[in-house]
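Counting starts at 1 for both ligands and their atoms, following the listed order.
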Amino acid sequence: MEIKTAEFVTSLADYGPFEGRGLPQIAVVGKSNVGKSTMINRLCRRNQLARTSSTPGKTRLINIFLLNGSFHLVDLPGYGFAKVDKKEKQRWGTMMQDYFTQSEELKHVLCLVDIRHEPTADDMTMNRFLRETGIPFTVIATKADKISRGARSKNLAPICRALLVQPWEIICFSGEDGTGRDQVLEKMNEILIQ
Ligand SMILES: Nc1nc2c(ncn2[C@@H]2O[C@H](COP(=O)(O)OP(=O)(O)O)[C@@H](O)[C@H]2O)c(=O)[nH]1
Ligand SMILES: [Mg+2]
């Protein structure tokens, strides 16, 4: 699959109706700064479609994009930013709950983790939630350019253990050099033709 058109639809603080809602959705989750927006931009070959930031935790909204006029890519707010206060964490929890309880259109979740680090407690909570609710997901190990090719399988081992996936199920991705882009697009195609 190739992304021919990509447009920003809307940002929502509370999930609910939006223009064009009803198309299949693929959501992106992961901690703040893991590379969600960067991946979206890379997939769409657009530098500024999703805002990236070197200050983690700034995206506290659900950002929705329409791709190829046929499905919605949903950039969910990142978790695990140390500096946010309790109130902000609660707000995040409510947003996510609202999203997941009413997302009849959700087909699949792309779970991003940093290839250099062991998954966090929040990553594991999200993983458990997806398993329990039976929402299909794929783990994407981002920032693959930050380690050597040879180190990849070694780095994937703790991720596999924590998230209960097999190494071959994980897609190594880099927004920097495009590693894994084709694989993610292929995965999206599989999800959407089902
Ligand atoms: N080297 C490298 N840096 C990345 C990659 N993905 C994201 N970054 C950087 O990590 C920071 C956070 O990225 P962003 O996409 O805003 O993360 P988000 O909070 O998950 O949306 C930015 O400074 C990006 O340039 C990647 O694959 N490789
Ligand atoms: Mg972002």
Side chain to side chain donor-acceptor pair (under 3.5 Å) partner of Tyr79, the single match among Asp122, Asp123, Thr125, Thr120 | Asp123

If we number the atoms of ligand 1 from 1 as shown, the ones under 4.0 Å from a heavy atom of Ser37 are 15 (O), 21 (O)

Other hydrophobic cluster members with Phe8, side-chain heavy atoms of Ile/Leu/Val/Met/Phe/Trp/Tyr under 4.5 Å, chained?
-> Met1, Ile3, Ile26, Val28, Val34, Met39, Ile40, Leu43, Leu49, Phe65, Leu67, Phe71, Leu73, Leu110, Leu112, Ile140, Ile171, Phe173, Val184, Leu185, Met188, Ile191, Leu192

From the Mg ion (ligand 2) out to just under 2.8 Å, does an N/O/S atom of Asn63 turn up?
-> no

Would you find a donor on one side and an acceptor on the other, under 3.5 Å apart, between the side chain of Asn68 and the backbone of Ser70?
-> no

At under 4.0 Å between heavy atoms, what of Thr38 touches ligand 1? The answer is both

Per-residue contact class, Met39 against ligand 1 - non-hydrogen pairs under 4.0 Å | neither

Note: ligand 1 atoms sitting under 4.0 Å from heavy atoms of Ser174 are 27 (O)

For His72, check side chain to side chain donor-acceptor pair (under 3.5 Å) against everything at least two apart and list the hits.
-> none

Would you tell me which option among Arg42, Lys143, Lys31 has the nearest heavy-atom contact to atom 5 (C) of ligand 1?
-> Lys143

Which of the atoms of ligand 1 are close to Gly175, meaning less than 4.0 Å from one of its heavy atoms?
-> 26 (C), 27 (O)

Purely on distance, is any nitrogen or oxygen of Gly35 under 3.5 Å from one on ligand 1?
-> yes

State which residue, out of Glu2, Glu176, Glu186, fulfils the salt bridge (Lys or Arg N to Asp or Glu O under 4.0 Å) condition with Arg181.
-> Glu2

Decide whether an N or O pair under 3.5 Å exists between Lys36 and ligand 1.
-> yes

Check if Val34 has a non-hydrogen atom at a distance under 4.0 Å from any atom of ligand 1.
-> yes

Does CD in Gln97 sit with more than 12 non-hydrogen atoms of other residues, nucleotides or ligands closer than 6.0 Å?
-> no

Spell out, as yes or no, whether a donor-acceptor pair under 3.5 Å connects the side chain of Arg21 to the backbone of Gly16.
-> yes

